Q: 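Below is the structure I would like to discuss, written out as structure tokens.
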Amino acid sequence: MQNVTKSKWWQTMILKTIAMVLIGFIVFGPLMGTLLWSFAEKWFWPAAFPQELGLKYWKIAFTGQSPVLDSMAISITIALIVVVLATLISVPAGYALARFNLPWKRILLVLFLMPQAFPQLPVFINMTSIFYRYDLVGTVPGVIAVHLVISLVYSVWITTAAFKSIPVTLEEAARNLGASRLRVFFRITLPLATPGLIASSIFVFITSFDEFTGTFFIGAPFIQTLPTLMYTASMGYNMQYASVIAILLTIPALLFMLVLEKFLKAEYISGLGV
Amino acid sequence: MANLTIRNLSKSYGAVRALDNVSLTVKEGKLAAVLGPSGSGKSTLVRAIAGFVRCDSGEILLDNRNITHEKPELRNTAMVFQNYALWPHMTIYQNIAYGLKLRKKSPEEIREKVQWALELVDLQGLEDRYPKQTSGGQQQRVALARALVVDPEILLLDEPLSNLDAKIRYRLRFEIKKLQKRLNITTIYITHDQEEALSIADQVILLNNGQIQQEDDPESIYSSPNNPFVAEFLGASNVITADILEDDQGLYVLLGGARLPVPRGKKPHDKVSIIMRADEVSQDREALGDSSFYTLKGRISEQMYLGAKRRYEVATGEGHTLLVDLEKRLPTDADIELYIHRDKLYIY
């Protein structure tokens, strides 16, 4: 009897281990390749591993005339500004879309979806020609504007969903006890929507941080964000250099995953399930 | 605490009339149960009093204060929602204290009042929990405490017990009643449960399709329903449609061989509704004394054991089926004679 359960336990353990290894390989496999490349000083075909490992390219990336740090600073600045602007737009927009019966609601939601609904290149080429007229090409505000257009889709939709998930009766109960509309919004609605707003901000940040096509059309060559820099580097067949930048690009995503998880465990997100 | 007066209140949603010329008065300190099936307008009524529904016409008064166009936050009504609507990001204490904070009470007064409210609903010791960490019955009491702590002029309960299981519902029903009497607070109690309404209310208002069908004290509304809808909604088990017959003595209908009178204004070959409760018939002629009664004859076609009594299906000679509750055990297919008070048979 005990032997049977024990062998069963082993079977499930082995299956689980195989599954974990497979998942790990699918998730981390490509990243491992990049990681290896970033440390490879010599890696010639057909060797499975680099012949020489070292920090040479990391040093190159972070010292001297290297544009990596500047690009990183510009990428982070742009991403943060986009997050702030997207939140400022999507909080009122999301609240209105979630709570009021706007006559043009559907059209509005589709409008926000537009930039993503068409093939991106024609959209960006059109935007470039428009931005030329207002002298926005090759400027930070121009790049911010492109990122904003792209990320508002996520931002508005996630924020709308966050507000929608809060039962109206929670707001009514507060008004019933004497709170004005504005007070209800800041004391009841906004705190309850915070987990959704944070999720949306993280999405927007990563979208902006990783954005390439729009940045390339509007910003290049004057504004070099990390993705456009990586493109330039890999065009020069400098795999190591490009890999270093690729890893820098994934770090914020990983960090935010941790933050997101912390917030998902926070006390009051349980309230979203009410 | 105040008298509530509603005059000619109407509200339409498109073609649906949620409230149709509703007028009623609830005296200070009374509990009025608003009873009706879903979609009858009872929720619209209570939301109109709270200010969440803007009415098309009519007015709402608390004593002499016209609150028809007042903002919800200025009405001083307190509502207990069906889903309790407790704020999940605040503790029980913070939930109850919020209304007092909005009223700019001093910290000491808030602490005292919250303590009073917690004792009132028997929830001492749960102050620091979050709503999610309490049971459904406890959440219901928190909602009640949160409403009562602000000394509202009127308490609005929107199906407050419908999310609880039967046992807790039964107990809380009487607790609410006791509290209401103790605080002497004018209360509107929305429910779709006729037993709940009858057992708790000073005054029952029965709504259907946005119109008041009848408004009376529980015993009167139960014993003398205005119309078939009221009778059926308050638990009459027999609603029989019968054809009007005519002979040289006038119009009549037949039920179990008994000749029943026809309400005025009916014509031959019209239909009437006969309404009868299952437990108001008897086999014992003596028990009815010398009051006037009808004798109904039929044959038992089916029976069901209900514990304290048995429910019989009785087929009458005219092809109607009556449901009757009797204590005595009788064989199926037996012929049976039943007696019922004349005023316990409602004919419309």
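Fair warning: this is a prediction, and the values are worked out from it, not measured in the lab.
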Q: Under the side chain to side chain donor-acceptor pair (under 3.5 Å) criterion, do B/Thr186 and B/Glu153 qualify, and how do the steps go?
A: CA-CA 7 Å; B/Thr186 315; B/Glu153 286 179 64; over 6 Å; no

Q: Could you check which of B/Gln82, B/Lys71, B/Arg146, B/Arg75 has the highest count of heavy-atom pairs closer than 4.5 Å to chain A?
A: B/Arg146

Q: Give, as side chain, backbone, both or neither, the part of A/Arg181 having an atom under 4.5 angstrom from any heavy atom of chain B.
A: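 Just its backbone gets close to chain B.
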
Q: Which residue out of B/Ala50, B/Ala78, B/Gly99, B/Ala143 racks up the most heavy-atom pairs below 4.5 Å with chain A?
A: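 Option with the greatest count: B/Ala78.
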
Q: What residue, out of A/Asn176, A/Thr169, A/Ile188, A/Val184, has the most heavy-atom pairs lying under 4.5 Å from chain B?
A: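 Going by pairs under 4.5 Å, I would pick A/Asn176.
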
Q: Considering non-hydrogen atoms only, spot the tightest contact between B/Leu102 and A/Ala174 and give its length.
A: CD1-O, 4.2 Å

Q: Checking ring-ring contact (aromatic ring centres under 6.0 Å, His included) between B/Trp87 and each of B/Tyr98, B/Tyr93, B/Tyr130, B/Phe81, which is the one that passes?
A: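 Of the listed options, the one satisfying the test is B/Tyr98.
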
Q: Do the charged groups of B/Arg17 and B/Asp56 touch, with an N to O distance under 4.0 Å?
A: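 Salt bridge flag = no for B/Asp56 with B/Arg17.
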
